[in-house]
Enquirer: 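Let me begin by handing over the structure; questions about it come next.
Order of the sequence lines fixes the chain letters, A, B, ..., with proteins taken first and strands second; residue numbering starts at 1 for each chain.
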Amino acid sequence: MKITLKDGVVKEFDNAVSVYDIARSISEGLARNACAGIVNGETKDLRFIVENDAEVNICTFDDEVGKEAFRHTASHVMAQAIKRLYPETKLAIGPSIADGFYYDFDREKPFSPEELEEIEKEMKKIAKEDLALERFELPRAEAIKLMEDRQEPYKVELINDLPEDAVISFYEQGEFIDLCAGPHLLSTKVIKAIKLTSVAGAYWRGNEKNKMLSRIYGTAYTKTSDLEAYLTMMEEAKKRDHRKLGKELKLFALLEEGPGFPFFLPKGMVLKNTLLEYWREIHKEAGYVEVSTPIILSKELWETSGHWDHYKDNMYTTVIDEHDFCVKPMNCPGGMLVYKQDMHSYRDLPMRVGEIGLVHRHEKSGALHGLMRVRCFNQDDAHIFMTEEQITSEISGVISLIDSVYKLFGFKYHIELSTRPEDSMGSDEAWELATNGLRDALEENNIPYTVNEGDGAFYGPKIDFHLEDSIGRTWQCGTIQLDMQMPERFELEYTAANGSKKRPIMIHRVCFGSIERFIGILIEHYAGQFPTWLSPVQVKVLPISEKFADYANKVSDELDKAGIRVETDHRAEKIGYKIREARNERIPYIIVVGEKDEAANKVSLRSRANGEEGQIDLKDVIERIQQEIKTRVSNVNTGVSVE
RNA sequence: GCUGCUAUGGCUCAGUAGGUAGAGCGUCGCCUUGGUAAGGCGGAGGUCACGGGUUCAAAUCCCGUUAGCAGCUCCA
């Protein structure tokens, strides 16, 4: 029997072997670290017996599949601990997730933090007991009986809902048995570096009509040091939470008077306008023009676009002179009307029309979250009208534009292609053409991507950009959508070379997505330490005492004239105190002026990056800062934030 | 929207068993005029989110509303 390994090496075996044995034949170390295997493309247990020639890939914690098996086993260990401590608890489901695992339980009281600690202790005990996990399968009737005997009604329901031909498997460790497809580790022994992180409510099977269960979240790693690094990262994330920093740095405010409608304060407004300035600059270079369409438009328009049918529950409406109007949740219908203001020739295409559009969407109260999820926000939208032949090159152009934006901020990113959802409009042919257009552009540019089946917009497929911030979290921001439905519904036309009327194809696209949300992401990405070009205040001038107020004013006037955003702290405080405060405000440059500086006609510079830099000519400081602003240097601080 | 938790001066938070409020920071005033992460003293500032109820008495107990937090669901 021939087993082909992931690096192409072929191993010969006389008899059927388990995945674990294959791992051991490679090395003891691999066997020790193995969590699961992939046999002919299917995820399998280490216990799985390979009987014929096969391709086998051994997965450790470093592989997604291995990590899932590891954490799934951790969730079983947690369930076992809970059944030991609180036997009346009913088990629901417990999978692994991105950063760890959870398990849902049905219990009278929610779990308290003290109980979490008890559970954690019991889990560590179970690990020490080194219980072997055994897999077994049962026919449906016996499976149901087993779970009925163990008084697990949720498991009985799950089994009843399994398809006729499903294999019903269980995993057993010590006295604990759980319905589970696997895979799982061989023993509880390695589940040591664990932490239960939180308790929350969650509906049985995710349906809000069902009973609310208690969900315990936890995480597990192979090494204590990795667990600690993760917990430190979580702490760091909490420290740079944009809601906290937004308040501290006086960027924006969220008030009870406007739930989900953020107020931008003067400093936040500088940030926003600076981003928009940049946006306008690069779009002008890329051949875009800019328009602005109204916030309130007639209901009929939204019926034409299809938005009313699909999203009326999330749209704000109003009545003007007895006519129904809607507050726009998207800019595209307005963009359609702009296109129709004129006749278009094929020579005019592609037409790239940008719009910073303020949209409103009625989000459920529980969905609101700082600037990340709001009820009104600005989209950095653009609609590109083009011919079929132009699809690939236009998509490529947008991809490279978005790429340059993310690079500027130091974001890594990956791309997902989302295909036709169930609830959608348009013909199969149109969808195929559009989906292929996106795919071709990605492939022509050699851009790796994953496919997200059925996650497209109702009017077309899309490419989504998921960017990764400085502490490893991902955010979906940019998107490129190809749309053949809106031009049809709005009867857009252009005159082709032969004089016939043709339908243009359109792209909807955003780089930032929501500007508000992008600002939220930037706050967390930079931990409030914005690069100089973005900093609301770029220099703070601190006179040593009131005697040097005039000199400080002179210095700050020169900075101001040089186009640098400057503030001067004239309070009668000690210099150490003023520095401390300016640092907490994350200001990139601090200028200290006192007797020595005035005498030498220089300034003492302190930069956020290098600390104290000594006495220096103001002219040199200005040049350096101007250069940083001009080139938009964006050095990301991944270290621990101030305070 | 659902479940749970929370709401006290501008900010961060104390307030134990119901007896009409405290601290630190900030702010203001005075002293200090100080060279790289908090100088000292003093003052002002709160109908304890809002509306009901229980009680001789409610920041504290109960009900409702609003907003926030965590999670679920949703996110064109």
Side-chain angles (χ1 to χ4, degrees), chain A residues 102 104 109-113 197-217 241 243-244 247-248 250 253-260 302 305-315 328-333 359 361-370 372-375 377 379 418 421 423-425 455-460 462 476 479 481 483 485-486 508 510 513-514 517 542-549 571-584 590-597 604-606 611-615 642-643:
Chain A
Y102 69 77
D104 288 344
K109 284 186 301 181
F111 293 95
S112 68
T197 47
S198 63
V199 193
Y203 303 108
W204 166 234
R205 308 192 118 178
N207 187 329
E208 56 187 303
K209 294 196 180 75
N210 288 342
K211 187 167 183 187
M212 177 70 71
L213 306 174
S214 281
R215 173 173 298 180
I216 301 182
Y217 284 92
D241 186 313
R243 293 166 297 184
K244 176 173 167 276
K247 186 179 252 179
E248 278 173 24
K250 301 188 189 347
L254 289 157
L255 308 178
E256 192 167 333
E257 288 81 351
W302 303 101
S305 71
H307 288 98
W308 181 257
D309 270 357
H310 283 260
Y311 296 107
K312 57 174 169 291
D313 293 344
N314 295 308
M315 287 167 69
K328 72 174 173 183
M330 283 200 87
N331 304 300
C332 26
V359 298
R361 297 177 180 181
H362 177 74
E363 301 289 355
K364 290 179 178 176
S365 59
L368 302 176
H369 182 96
M372 302 303 189
R373 190 80 178 269
V374 289
R375 286 178 172 152
F377 58 97
Q379 282 182 315
S418 295
D423 185 18
S424 60
M425 60 191 200
D455 208 36
F458 72 84
Y459 47 74
K462 55 179 185 164
Q476 201 227 293
T479 149
Q481 303 174 357
D483 178 6
Q485 310 310 321
M486 294 289 149
H508 308 246
V510 289
S514 146
R517 182 162 172 276
L542 310 180
I544 297 264
S545 81
E546 285 165 13
K547 284 190 216 153
F548 312 104
R571 291 173 308 167
E573 297 290 349
K574 289 227 162 76
I575 196 66
Y577 180 85
K578 292 190 198 178
I579 286 168
R580 178 188 145 81
E581 210 157 84
R583 281 182 54 100
N584 285 341
I590 294 169
I591 281 177
V592 174
V593 289
E595 192 175 359
K596 288 181 234 162
D597 307 292
S604 292
L605 185 68
R606 183 185 181 110
E612 231 181 306
E613 297 195 21
Q615 231 180 28
V642 176
E643 287 272 270

Enquirer: Between B/U36 atom C1' and A/Gln615 atom CD, what is the distance in whole Å?
Expert: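 Between C1' of B/U36 and CD of A/Gln615: 13 Å.
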Enquirer: Looking at every strand, decide which applies to A/Ser604 at a 4.0 Å heavy-atom threshold: base, sugar-phosphate, or nothing.
Expert: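 Base, at least one base atom sits under 4.0 Å.
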Enquirer: What residues form a salt bridge (charged side-chain N to carboxylate O under 4.0 Å, His left out) with A/Asp597, not counting sequence neighbours?
Expert: none
Enquirer: What's touching nucleotides 4-8 of chain B from the protein side, N or O pairs under 3.5 Å?
Expert:
none

Enquirer: Given B/A38, B/U33, B/G68, identify the nucleotide with an atom nearest to the side chain of A/Arg580.
Expert: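 Out of B/A38, B/U33, B/G68, the nucleotide with an atom closest to A/Arg580's side chain is B/A38.
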Enquirer: If I take atom CG in residue A/Leu254 and atom P in nucleotide B/U66, what distance separates them, rounded to the nearest angstrom?
Expert: 19 Å
Enquirer: Would you say A/Lys247 reaches B/U12's phosphate, i.e. side-chain N/O to OP1/OP2 under 4.0 Å?
Expert: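 Answer yes for this pair, as a side-chain N or O of A/Lys247 is under 4.0 Å from OP1 or OP2.
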Enquirer: So what does A/Arg243 touch, heavy atoms closer than 4.0 Å: a base, only the sugar-phosphate, or nothing?
Expert: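 Answer is sugar-phosphate: A/Arg243 comes under 4.0 Å of backbone atoms only.
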Enquirer: Report, one pair per line, the protein and nucleotides 44-48 of chain B atoms (nitrogen or oxygen only) whose separation is under 3.5 Å.
Expert:
none

Enquirer: Please produce a list of atom pairs where a protein N or O lies less than 3.5 Å from an N or O of nucleotides 23-28 of chain B.
Expert:
{"unit_1": "B/G26", "atom_1": "OP1", "unit_2": "A/Tyr577", "atom_2": "OH", "d": "2.2"}
{"unit_1": "B/U27", "atom_1": "OP1", "unit_2": "A/Arg571", "atom_2": "NH1", "d": "3.3"}

Enquirer: Which one, B/U36, B/U33, B/A67, comes nearest to the side chain of A/Ile575?
Expert: B/U36
Enquirer: Can you sort out the partners of A/Arg361 under salt bridge (charged side-chain N to carboxylate O under 4.0 Å, His left out), two or more places apart, ordered by chain and number?
Expert: none
Enquirer: Between B/G39, B/A67, B/G35, which nucleotide has the shortest distance from any of its atoms to the side chain of A/Lys574?
Expert: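 Given the options B/G39, B/A67, B/G35, the side chain of A/Lys574 is closest to B/G39.
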Enquirer: Determine, for A/Glu581 against A/Arg571, whether the closest basic-nitrogen to carboxylate-oxygen distance falls under 4.0 angstrom.
Expert: yes
Enquirer: According to salt bridge (charged side-chain N to carboxylate O under 4.0 Å, His left out), who are the partners of A/Glu573, at least two apart in sequence or on a separate chain?
Expert: none
Enquirer: Take a 6.0 Å sphere around CD of A/Glu595 and say whether it holds more than 12 heavy atoms from other residues, nucleotides or ligands.
Expert: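 For A/Glu595, atom CD is not crowded (no more than 12 foreign heavy atoms under 6.0 Å).
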Enquirer: List for me each residue that meets side-chain hydrogen bond (donor to acceptor under 3.5 Å, both in side chains) alongside A/Arg606, sequence neighbours excluded, and say none if there are none.
Expert: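 A/Arg606: no side-chain hydrogen bond (donor to acceptor under 3.5 Å, both in side chains) contacts found.
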Enquirer: In the 5'-to-3' direction, what one-character label does each nucleotide of nucleotides 71-76 of chain B receive under the scheme B = base within less than 4.0 Å of a protein heavy atom, S = sugar-phosphate only, - = no such atom?
Expert: BBBBBB
Enquirer: Let me know the distance between CD1 of A/Ile590 and P of B/G35, rounded to the nearest Å.
Expert: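 It works out to 17 Å between those atoms.
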Enquirer: How would RNA chain B look in dot-bracket form, 5' to 3', counting Watson-Crick and G-U wobble pairs with both distances under 3.5 Å and writing | for bases paired to another strand?
Expert: (((((((..((((.....[..)))).(((((.......))))).....(((((..]....))))))))))))....
Enquirer: Measure from CG on A/Leu213 to P on B/C2 and round the result to the nearest Å.
Expert: 18 Å
Enquirer: Checking A/Lys250 now: which residues fulfil salt bridge (charged side-chain N to carboxylate O under 4.0 Å, His left out) with it, not counting sequence neighbours?
Expert: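 Scan of A/Lys250 (salt bridge (charged side-chain N to carboxylate O under 4.0 Å, His left out), adjacent residues dropped) gives none.
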Enquirer: For A/Phe458, give me all partners under ring pair (Phe, Tyr, Trp, His ring centres under 6.0 Å), at least two apart in sequence or on another chain.
Expert: A/His307, A/His310, A/Tyr311
Enquirer: Going by the rule side chain to side chain contact (heavy atoms under 4.5 Å, CB included), which residues pair with A/Arg373 if we only count those two or more places apart in sequence or in a different chain?
Expert: A/Glu363, A/Ala367, A/His369
Enquirer: Can you measure A/Asp597 atom CG to B/G34 atom C1' for me and round it to whole angstrom units?
Expert: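 For the pair A/Asp597 CG and B/G34 C1', the rounded distance is 14 Å.
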